[in-house]
Q: 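Below is the structure I would like to discuss, written out as structure tokens.
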Amino acid sequence: MKIAFFDAKPYDKPSFDKSGAELGVEYKYFETKLNEDTVELASGFDGVCVFVNDTVNARVVDRLHEMGIGIVALRCAGFNNVDMAHAYGKVHVLRVPAYSPYAVAEHTMALLLTSIRRIHKAYIRTRDFNFSLAGMTGFDLHSKTVGVIGTGRIGRVFIDICRGFGMKVLAYDKYPAEGLDNGDTVKYTSLDRLFEQSDIISLHCPLTEDTYHIIDEKSLAKCKRGVVILNTSRGALVDAEALLEGIKSRKVGAACLDVYEEEADFFFQDFSGHILEDDVLARLISMPNVIVTSHQAFLTEEALTNIAETTTNNIVEFTRSGKCPNELCYRGGSAEDCKSGKCF
Ligand code: NAI
């Protein structure tokens, strides 16, 4: 079985080559992203394997269908880059629902600690033998309130980590998890109350119509002065211009972003010798209280192994049986839980 692997990076190949060799899947790696201009590269393959910044819109779906390609194997959890409604009846969309919630949750806490204890500043200062502590004052996490939006796999691991720090958790989820609210250190609340009472807000929900720009001018206005915003989920959950204004006005005390709305143009690539065209991103990065990582929260050995094994298993299982629990229903749920009968 031959799969066209788009947006391939050097760190993808060892784990995919290994799982592919074990299960008889041959991956052909393309560095380019999948989109309307590059979809022809998939000609002659049995399926495509894509990541977060590949584009699987209606035209790409139609072209894949015309070429007789029935499998789109996402090597990630999120699927906001796939036109699921259009894919129905044309291509089967498989994903990796969980590969390491710990990788993303731990990276979120790493960003938070780095930011509020000024580790990014200290690292640069001490390398220059500057041992001054001026401007390095942080704050304790203990007893602070963290608002967690999205209490799925990653959100719940992040909540556990925060509880280890003695923090209080206010949670919001469209579909609250049973047994998580203990009426004390973890409480579900309304989105407005979460905005009003949280010292730190961390986003762990998917990008949907409901959650697009969930952090914007209006929601920031409801927040405490000095609120810390963490986004390791999807860039468009945050209106970056509103965030920048919030930072300039001192309403936002700090921001840690592993994702950015326009990241597809920049992230995963070396622009160090270029002039960055995106003024908002450049201004955000220039701020002393903003930390940006380029969608690296998932990047651990464990996650890469799990991603490769699950993706390859999905492809093999679907090809053999025509079924796979990790196939997405056109509404975005899993095929196993599909109540609409419209997975494919
Ligand atoms: P999950 O599906 O286990 O949890 C998502 C949670 O969000 C669910 O509890 C769901 O009910 C909730 N939700 C759905 N709509 C909502 C709404 N309108 N408001 C509030 N909550 C809502 O997903 P998981 O594995 O926890 O991943 C969360 C997100 O993390 C993914 O959607 C993806 O965007 C992002 N992610 C980022 C990575 C990175 O490297 N930065 C890697 C993996 C995932």
Side-chain angles (χ1 to χ4, degrees), residues 7 9 11-12 50-54 74-82 84 95-112 147-161 169-181 186 188-195 198 201-216 219 229-238 256-261 263-264 267-268 291-304 306-307 310-311 325-326 328-329 331-334 336-337:
D7 202 9
K9 297 286 182 274
Y11 51 75
D12 289 319
V50 300
F51 196 49
V52 292
N53 291 321
D54 293 290
L74 295 166
R75 53 182 190 279
C76 52
F79 47 87
N80 50 285
N81 52 338
V82 180
M84 287 302 303
R95 70 161 176 165
V96 184
Y99 33 91
S100 175
Y102 310 103
V104 182
E106 288 171 14
H107 188 80
T108 311
M109 182 49 87
L111 287 172
L112 175 59
V148 177
I149 301 179
T151 56
R153 297 174 190 89
I154 296 169
R156 288 204 298 271
V157 174
F158 185 67
I159 287 172
D160 279 349
I161 295 172
V169 178
L170 285 179
Y172 172 78
D173 196 299
K174 200 169 174 183
Y175 311 99
E178 268 178 46
L180 184 65
D181 188 328
V186 183
Y188 274 110
T189 187
S190 68
L191 206 45
D192 275 354
R193 186 164 292 179
L194 184 149
F195 288 136
S198 300
I201 296 175
S202 197
L203 303 174
H204 299 290
C205 53
L207 175 62
T208 63
E209 279 179 15
D210 291 345
T211 61
Y212 176 76
H213 285 186
I214 197 165
I215 300 292
D216 63 3
S219 51
I229 303 291
L230 309 173
N231 187 9
T232 56
S233 202
R234 282 292 179 268
L237 296 175
V238 174
C256 301
L257 310 173
D258 186 52
V259 286
Y260 176 67
E261 189 163 5
E263 69 177 48
F267 281 17
F268 307 118
I291 298 182
V292 174
T293 51
S294 54
H295 210 135
Q296 79 175 68
F298 75 99
L299 196 60
T300 65
E301 293 287 348
E302 292 80 358
L304 288 176
N306 289 341
I307 287 169
T310 307
T311 304
N326 294 332
L328 282 165
C329 162
R331 285 188 173 154
S334 77
E336 266 194 342
D337 305 328

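Order of appearance sets the numbers: ligands from 1, and atoms from 1 within every ligand. The model shown is predicted, which means the values in this text are computed figures rather than measured ones.
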Q: Which residue supplies the protein heavy atom nearest to atom 17 (C) of ligand 1, what is that atom called, and how far is it?
A: Thr211 CG2, 3.5 Å

Q: Any atoms of ligand 1 less than 4.0 Å from a non-hydrogen atom of Val104? List them with their elements.
A: 38 (C), 42 (C), 43 (C)

Q: Which heavy atom in Asn326 sits nearest to a heavy atom in Pro97, and how many Å separate them?
A: OD1-CG, 3.3 Å

Q: For ligand 1, which is the ligand I care about here, please tell me if Ile154 has any N or O atom under 3.5 Å from one of the ligand's N or O atoms.
A: yes

Q: Have a look at Leu237 and tell me which of Thr211, Ile149, Thr208, Ile229 forms a side-chain contact (heavy atoms from CB on, under 4.5 Å) with it.
A: Thr211

Q: May I ask you to identify the nearest protein heavy atom to atom 29 (C) of ligand 1, giving residue, atom name and distance to one decimal place in Å?
A: Ser233 OG, 3.1 Å

Q: Going by heavy-atom distance to atom 39 (C) of ligand 1, choose the closest among His295, His204, Arg156, Glu209.
A: His295

Q: Indicate yes or no: does an N/O atom of Phe298 lie under 3.5 Å from an N/O atom of ligand 1?
A: yes

Q: Which residue and non-hydrogen atom of the protein lie closest to atom 4 (O) of ligand 1, and at what distance in Å?
A: Gly152 CA, 3.2 Å

Q: When you measure from atom 33 (C) of ligand 1 to every protein heavy atom, which one gives the shortest distance, and what is it?
A: Arg234 NH1, 3.6 Å

Q: What protein heavy atom sits nearest atom 2 (O) of ligand 1, and how far off is it?
A: Arg153 NH1, 3.8 Å

Q: What protein heavy atom sits nearest atom 43 (C) of ligand 1, and how far away is it?
A: Tyr99 OH, 2.9 Å

Q: Does an N or O anywhere in Thr232 fall below 3.5 Å from an N or O of ligand 1?
A: yes

Q: Hey, does Asp258 come in under 3.5 Å of ligand 1, counting only N/O atoms on both sides?
A: yes

Q: Considering only non-hydrogen protein atoms, determine which one is nearest to atom 16 (C) of ligand 1 and report residue, atom name and distance to 0.1 Å.
A: Lys174 CB, 3.7 Å

Q: Which heavy atom of the protein is the closest neighbour of atom 13 (N) of ligand 1, given with residue, atom name and distance?
A: Pro206 CD, 3.6 Å

Q: Can a donor-acceptor pair be found between the side chains of Tyr188 and Thr151 at a distance below 3.5 Å?
A: yes

Q: Just by distance, no angles: are the side chains of Thr232 and Thr108 close enough, under 3.5 Å, to form a donor-acceptor pair?
A: yes

Q: Assess the pair Phe298 and Phe51: is the distance between their ring centroids shorter than 6.0 Å?
A: yes

Q: Looking at Asp258, Val292, Asn53, which one forms a side-chain contact (heavy atoms from CB on, under 4.5 Å) with Glu263?
A: Asn53

Q: Would you say His295 and Thr293 are linked by a side-chain donor-acceptor pair, where the criterion is simply a distance under 3.5 Å?
A: no

Q: Return yes or no for this condition: an N or O of Gln296 is under 3.5 Å from an N or O of ligand 1.
A: no

